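One structure is given below, encoded as structure tokens.
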Amino acid sequence: MNALVAISDLVVDFRTRQGPVRALDGASLAVREGEKVGLVGESGSGKSTLAMALGRLLPPNAEWGSGELMVAGVSVRDLEGAALRRLRSHTLGYVFQDPIGTLDPTMRVARQLAAVMEAGAGAADVSSLLADVGLQDHHRIARSYPHELSGGMAQRVSIAMALAANPKLIVADEPTASLDASIRGQILDLLVSLCAAHGTALVLLSHDLRAIAHCCDRVAVMYGGRTVEVGATAEVFAEPVHPYTEALLRAAPGQERLGGRIEPIPGLPPILTGRAEGCAFEPRCRHRIDACALARPESSEIAARQVICHRAEERRPAAP
Amino acid sequence: MTGSVVELRSVDVHFASGPLWARRRVHAAREVSLGVAAGETLGLVGESGSGKTTTGKVCLGLIRPTTGDVVFDGHPFDYRRRARRGALAAVLQHPQWSLNPRLHVGTSVAEPLVIAGIGGREETRRQTGEMLERVGLQPVLAKRYPHELSGGQRQRVAIARALITHPKFVVFDEAVSALDVSVQAQILNLIRELQAEAGFAALFISHDLAAVRYVADRIVVMYAGEVVESATAETLYGRGRHPYTRGLQAASDLIEDEDARLADASEEIASEGCPLTPRCPIATDLCRTTHPALRPLGDTLVACHHPEGRAGQS
Amino acid sequence: MTQPPRRYLRLPFGNDRLSLVATIVLVLLVLAGLLAPLLPIGDPEAIGAGPRLSPPTGDFPLGTDNLGRPMLARIFEGILLTFVVSTIAVLIASVVGAILGMIAAYTHRALDETVSRIADMLFSFPPVLLGLLVTAILSPGIHSAVAAIVLITLPAMVRVVRAATLDIARRDFVIVAEVAGASFGRRLFLHLLPNTAGVVAVQTAYSISLGMLIESALSFLGLGVQPPSASLGSLLREGALYLDIAPWLAFGPGALLAAAILSVNLFGDGLRAIVDPLEARPLR
Amino acid sequence: MSTVARYALVRIASACLTLFGVAVLIFGAIHALPGSFEDVLVPQAPQELRDQIAARYGLDRPLVEQFGMWLGRAIQGDLGVSLITQQPVAAEFARRLPVTVEIAGLATAIALLVGVPLGVLSGLTGHRRLVPATSRLVGGFAMSVPDFVVGAVLLYVFSRYSLWFTIGEWTPLADDPIANLRGALLPAFALSLLGIGLVLATARHATISVLGQDFIMAAVARGKRPGTVVRQHVLRNAGIPVITIVAIYSGYLLGGTIIVEMLFSVPGIGRYLIFGVLNRDYTVVQAGVMLAATFFILLNTLADALYAALDPRLAGSQGR
């Protein structure tokens with residue numbers, strides 16, 4: 001399988017009134033064709049910036065620094081005009097957090113769907129597309145306005161729109177965060193099964209570790225604008241190498257036993273204004289050593305994962 | 001339920017909703033009964049529109065029930081504000097709106113004391129500082145404005161303000177939902193510690209079963225304004241009895257459960273019979289016609305005709 | 001790590017220079033009106049101080065009117081009158097409107113319905129027409145100009161404050177204060193009022209510009225300020241009579257009126273940008 | 001009954017209610033305050049003559065009864081007789097109405113034709129610093145210069161160098177359309193300036209806020225051309241607030257024509273009304289204000305109907 005996405009040492013800053021804020025501080029990630037990759041991180045970790053950078057959709061106050069971002073063999077950074085639109089319309093498909101807000105409130109669903117399909121697509125094509133995303137009642141839904149749909153139905157419509165042009169990669173940014181808990185599972189399942197059926201790669205952004213564990217082959221954990229641990233999902237979650245991954249797993253409620261305690265990570269996530277000179281997680285880390293604050297850790301390969309930590313070698317998991 | 005600090009007895013809440021030309025009557029709560037004892041945390045879980053926030057507001061006296069009774073500390077709820085100053089408190093959802101943006105943090109924390117008329121100026125300042133320290137903040141933050149604080153810090157301040165009068169009853173409505181995972185855990189542990197220390201009765205409302213299960217002793221599950229299951233936290237670490245509870249569990253644990261796949265139906269709430277029928281994986285004709293009553297099953301109360309799942313139907 | 005650059009001086013409108021310039025112009029205009037009696041520009045009401053209908057000269061920088069009064073002095077008197085009349089009227093409307101709007105939004109629903117309905121009714125009179133009606137009833141003069149401006153700007157203020165109050169009243173900190181047992185007055189004055197003040201200020205600024213427009217329109221029609229006092233509108237009315245032979249009489253007050261209203265509007269824009277910042281996101 | 005039908009019914013009922021309230025307000029204001037009918041007709045007459053006149057006009061009856069009679073006649077199209085000229089008021093208004101409607105219509109058309117394109121364009125290019133400043137200045141200038149100032153300037157310039165336009169002569173449209181336009185364009189332009197400013201500012205603000213919505217970002221992420229996004233999504237959504245402002249502006253026009261008709265000696269309703277006010281001809285004032293308010297309420301109701309067509313969320317069940 002070929003690399004569909006290749007990101008290496010990508011740096012992105014945002015200009016703000018209070019000066020520059022660094023969103024990506026040397027992020028690296030590769031996605032192969034048809035692969036499902038999870039991107040985990042808290043708000044401010046840079047995962048949304050990374051996702052938007054894939055389609056060159058960053059807001060105007062963003063500044064691309066050093067590093068490379070290749071999608072399907074072309075450098076996204078230099079794309080302009082028709083080539084950029086082609087990347088967005090044919091190579092990539094986006095699914096966003098608020099499904100009702102991403103649909104035009106003044107247009108019926110059928111018209112919005114027809115607009116993203118090939119010219120000449122008729123009502124039958126719209127119906128079959130809706131049926132594909134599990135909407136049985138497609139006549140009624142095609143005639144509906146977005147506000148008349150439930151969040152779950154609207155997200156199915158958005159997924160249909162993202163898949164309409166048969167893209168190579170779907171980028172889903174917290175696709176279930178605004179939905180009711182009881183239907184999150186089915187929306188994720190739908191997304192994963194459709195991607196599998198079309199051979200489409202998936203980049204799934206979430207702060208919900210369980211969702212990532214459920215859906216993705218590989219996971220990239222982000223902190224302070226860097227991908228601090230990248231590896232096979234099951235292995236990373238079973239035996240995390242990076243202390244942040246470990247701490248994150250312990251902090252999420254749900255996996256503890258009755259009467260057990262979850263262990264919060266002390267302190268707050270960092271806001272970087274420039275290149276981090278040490279490890280960004282150092283102030284909150286239980287395993288920190290003197291070197292962590294002084295030297296910037298580089299990526300190393302440990303047990304088939306990429307880990308950015310000074311102590312990665314000593315934390316190597318026991319061989320299976 | 002004896003010894004309850006707050007008790008709802010068969011509370012119904014109706015209100016008119018929508019514009020004049022599409023006015024509907026909405027049943028926000030139907031026959032809701034629950035009680036919270038001192039030192040106990042009752043979890044209330046359900047998705048948007050389930051009536052959990054309405055129930056919380058009834059407990060706080062912000063909404064008067066259409067029918068049914070609210071009992072506070074053994075007496076019918078006294079809706080005159082003087083009667084309950086300092087006895088009730090709330091921590092709500094939005095960190096960006098939890099504090100008045102025009103007031104110093106310290107002023108906001110001290111406000112319940114000032115309203116209740118407890119202590120002089122010096123005493124108030126001392127208690128504000130102490131309270132900030134107890135929620136893990138530096139007392140110097142009292143001189144800051146809310147916009148200078150992070151979301152997690154603002155929720156800590158909101159908790160400090162809620163507890164400063166030593167209330168008997170505190171409602172936490174989606175108090176951690178807007179926070180990041182690592183900060184969420186800090187606040188959940190803080191709530192647990194403070195309750196063990198201060199012994200107030202707490203109602204913890206959330207759509208996140210995992211968070212509710214972590215802080216609560218007992219859990220009430222609501223759907224479409226009704227209580228569908230009431231169980232101990234211990235029970236819900238295992239398998240829930242109501243299909244809706246199992247749907248929530250499947251979502252939070254992402255487990256495969258044939259009886260837990262709730263549909264995303266277009267008309268979500270049935271007008272007759274069990275309200276979950278259109279979405280329920282194990283619904284039968286009985287469910288479509290007859291409304292299930294809340295009945296005991298072991299140490300659990302459940303409103304379902306088939307609490308044992310598909311296997312139990314045979 | 002690099003620190004963001006520090007700003008040592010903060011101007012009221014930050015980097016919004018247009019609003020800053022407008023504010024300075026506004027202050028200068030009002031100062032000119034206030035200090036006019038001390039300046040060596042003549043007495044605005046001295047009939048025959050110079051030749052009649054004189055074009056601008058060294059002695060009379062803006063010429064003289066049909067009674068030989070110096071136009072510069074009359075314009076300075078006029079700008080002050082126009083500004084003061086509309087500001088007083090709008091301040092009355094703002095106070096009444098803010099109180100009505102807040103109470104309507106935060107008390108009983110029936111009161112809210114009543115207040116909103118009356119505001120809607122007042123709003124359904126075209127502004128100048130409402131001014132005409134008021135002067136028709138009260139007889140022309142400053143008092144009816146003030147009444148007209150109050151009635152015209154009040155409904156918009158009520159609407160704006162009501163909407164802002166509804167928005168703030170559902171916020172967490174207001175609900176929490178109510179749970180803690182805060183009195184109605186406390187919630188109103190400590191929590192709602194300070195958080196709607198920005199909106200009131202913006203609306204007041206825009207209302208003042210509308211008020212100046214109304215006052216000068218009524219005076220232009222001869223229904224506002226009566227001689228011998230002069231506002232910019234009444235000066236323009238006189239000027240329009242001599243447009244063929246002495247156009248400078250009309251252009252001075254006209255230009256100044258436009259400048260004053262523009263300054264108030266730009267000042268309002270600056271205020272709005274502070275209260276309700278709207279970031280532009282371009283298409284690419 | 002469908003929601004749409006019920007929505008229409010409620011709108012119409014509320015318009016009628018507002019109209020009735022306005023009628024009460026006007027009638028009450030004119031009759032309750034000092035300066036009565038007799039004072040206007042026969043200022044220094046002896047008491048018997050005053051009583052006679054009062055009886056003739058029904059002024060000796062209770063106020064409620066007078067109001068009822070007036071309203072009853074007004075609904076049948078009888079607006080009374082002018083106190084000064086003794087001519088029926090309704091006929092006078094009917095004769096002058098087309099002139100005022102023409103000028104107001106022309107002014108609205110100019111405001112939309114100039115304001116909408118400029119506003120949308122400046123909203124779309126809002127990130128360049130010069131554009132917002134220029135559009136603020138142009139829009140602010142248009143909104144700030146009172147129409148009688150513009151009118152005076154136009155009057156001065158064109159009475160000196162006539163340049164095709166005519167001033168002070170009015171040819172009815174039916175007689176000679178070209179000659180009519182030569183007289184109507186200048187007053188219409190003077191009136192339209194405020195409209196241009198209002199429409200420009202509103203269109204700009206609406207465009208900017210629509211551009212910030214998620215569905216625009218989603219459309220861009222689908223690789224749509226900027227022109228397509230503007231045509232399909234921006235214009236439709238930004239049109240809603242523009243309609244509101246045009247409805248408010250046309251209300252202003254009803255008063256604005258008074259001044260411009262005076263200045264340019266146009267024989268419309270405004271001039272008739274101002275003479276009514278100056279002579280305290282209460283029947284004329286009462287009828288004129290009532291007519292204008294009716295027209296304004298009608299316009300607002302129409303605008304509401306238009307939004308409901310453009311924005312399905314309004315007529316529907318008001319979201320979830």
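Computed from a predicted model, the values in this text were never measured in an experiment. Below, read A as the first sequence line, B as the second, and so on, with proteins coming before strands; counting in each chain starts at 1. Side-chain atoms are counted along with the backbone in the values below, which use heavy atoms only and exclude waters and symmetry mates.
Across every non-hydrogen atom of D:Phe148 and C:Leu236, the tightest pair is CD1-CD2, 3.1 Å. The nearest pair of heavy atoms linking D:Pro146 to C:Ala258 is CD-CA, 4.4 Å.
Of the listed residues (C:Leu262, C:Val264, C:Thr135), the one with the most heavy-atom contacts under 4.5 Å to chain D is C:Leu262. Comparing C:Ala259, C:Pro140, C:Ala217 by how many heavy-atom pairs each has under 4.5 Å with chain D, the most go to C:Ala217. Note on C:Ser216, C:Ser209, C:Ala22: by heavy-atom pairs under 4.5 Å with chain D, the leading option is C:Ser216. Among D:Leu155, D:Ile259, D:Leu263, D:Val145, the residue with the largest count of heavy-atom pairs under 4.5 Å with chain C is D:Ile259.
Side-chain contact between C:Arg117 and D:Thr18 is present, with heavy atoms from C-beta onward closer than 4.5 Å.
Taking CE from D:Met143 and CG from C:Leu210, the interatomic distance works out to 11.5 Å, rounded to the nearest 0.5 Å. Rounding to the nearest 0.5 angstrom, the gap separating the CD1 atom in D:Ile258 from the CG atom in C:Leu132 is 4.5 Å. With values rounded to the nearest 0.5 angstrom, D:Asp147 atom CG is found 7.0 Å from C:Leu213 atom CG.
With a 4.5 angstrom heavy-atom cutoff, D:Ser250 does not touch chain C via any of its atoms. Interface remark: C:Ser263 contributes no atoms to any contact with chain D (heavy atom separation under 4.5 Å). In this structure, chain C has heavy atoms under 4.5 Å from both the backbone and the side chain of D:Val22. Looking at D:Leu19, there are no atoms closer than 4.5 Å to chain C (heavy atoms on both sides), in backbone or side chain. For D:Leu299, no part lies near chain C; criterion is any non-hydrogen pair under 4.5 Å.
Here D:Tyr272 pairs with D:Phe93 under the ring pair (Phe, Tyr, Trp, His ring centres under 6.0 Å) rule; sequence neighbours left out. Residues forming a ring pair (Phe, Tyr, Trp, His ring centres under 6.0 Å) with C:Phe251 (at least two apart in sequence, or on another chain): D:Tyr156.
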Would you please test D:Ile274 and C:Leu223 for side chain to side chain contact (heavy atoms under 4.5 Å, CB included) and show each step?
-> CA-CA 10 Å; D:Ile274 185 88; C:Leu223 301 170; 4.0 Å; yes

